[in-house]
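The structure appears right after this line, and notes come after that.
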Amino acid sequence: LHDRWPAGYVRPATTGAFTSAACNGSLVWLAPTNADRVVQISSHTLPATMTSFLTWPVGFTLPLAAFISPVFDGHRIWLIPLNADRIVALAPSGVMTGYSAWPPGFTLGPRSFSGAAFDGRYIYLNPFEAVSLVRVDTVLAGTMKAFNAWPATFTPVPGAFDTILFDGV
């Protein structure tokens, strides 16, 4: 596509610098899996321009395999953790805010989530190795609620859910 990466960007030695993207209609946002930054691509300019965002929230350390499956809520890009300890919301101004007040009874571990779906207000985090579906309120500053009342005949196991979708209803 384009090879004009933002100034200072160095491709990581590990594979999978970015594994997923979100689009807001005019910009494509690459969520860092093993890269050190979020990269925004403007597809409306030729050649396409790329911008970096790497001013992470205070107290946040970027791990390997940090994020997966970003979500656009109509205003912000939400980075969904794969191995990160929090969700990170990126505002249009470039300011990143971390949300790590996980719901009572929920324990975040490695590879807890494998994606997310947005319904117009809430982001639902798809449990991968987590035992709960987690809902994030995009209006009430990242307030979270866990859902784990599974049917009696079902016991979640790691990898039980690979994808999540919102049907528009």
Atom pairs and distances, donor-acceptor, side-chain atoms in residues 84-103, under 3.5 Å, two or more places apart:
from, atom 1, to, atom 2, distance (Å)
S93, OG, V95, N, 3.4
W102, NE1, D85, O, 3.2

Q | Atom CZ of R135 with >12 non-hydrogen neighbours under 6.0 angstrom | A |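 Result for CZ/R135: enclosed.
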Would you mind reporting whether [Y] and [X] have side-chain heavy atoms less than 4.5 Å apart?
X    : Y    : result
T61  : P63  : no
P70  : S20  : yes
L82  : F113 : no
W29  : I41  : no
L140 : R121 : yes
I123 : I80  : yes
T51  : P6   : no
V38  : L79  : yes

**Q.** Proximity of W78 and F72 rings by center, below 6.0 Å
**A.**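 No, ring centres 6.0 Å or more apart.
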Q) Would you call the rings of F67 and W56 parallel, tilted or perpendicular if under 30° counts as parallel and over 60° as perpendicular? A)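 Answer is parallel, since the angle falls under 30°.
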For residues [X] and [Y]: do they belong to one hydrophobic cluster (side chain heavy atoms under 4.5 Å, members Ile, Leu, Val, Met, Phe, Trp, Tyr)?
X    : Y    : answer
V131 : L125 : no
F18  : I68  : no
I164 : V134 : no

Q: Hey, could you give me each pair passing ring-ring contact (aromatic ring centres under 6.0 Å, His included) that has a residue in residues 123-146? Not counting sequence neighbours.
A: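 Every candidate ring-ring contact (aromatic ring centres under 6.0 Å, His included) pair involving residues 123-146 fails, so no pair, neighbours aside, qualifies.
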Q | Taking every non-hydrogen atom, the tightest pair across L27 and N24 | A |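 Result for this residue pair: N-OD1, 2.8 Å.
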Q) So which heavy atom on L133 is nearest to which on P127, and how close? A)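 Shortest heavy-atom contact: CD1-CD, 3.9 Å.
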Q. Hey, what do you get for OG1 (T19) to CG (L30), rounding to the nearest 0.5 Å?
A.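 Result: 9.5 Å between the selected atoms.
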Q. To the nearest 0.5 Å, what is the distance between OG (S112) and CZ (F106)?
A.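 So the OG of S112 and the CZ of F106 are separated by 4.5 Å.
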Q: Using the ring pair (Phe, Tyr, Trp, His ring centres under 6.0 Å) rule, take F53 and Y9 through it: C-alpha gap first, then chi angles, then the decisive distance, then the call.
A: CA-CA 10 Å; F53 298 90; Y9 173 75; over 10 Å; no
Q) What pairs with S114 under side-chain hydrogen bond (donor to acceptor under 3.5 Å, both in side chains), at least two apart in sequence or on another chain? A)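 By the side-chain hydrogen bond (donor to acceptor under 3.5 Å, both in side chains) rule, S114 matches N126.
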Please check this pair: side chain of [X] against backbone of [Y], looking for a donor-acceptor N/O pair closer than 3.5 Å.
X   : Y    : answer
R37 : G8   : yes
N34 : A65  : yes
N83 : R111 : yes

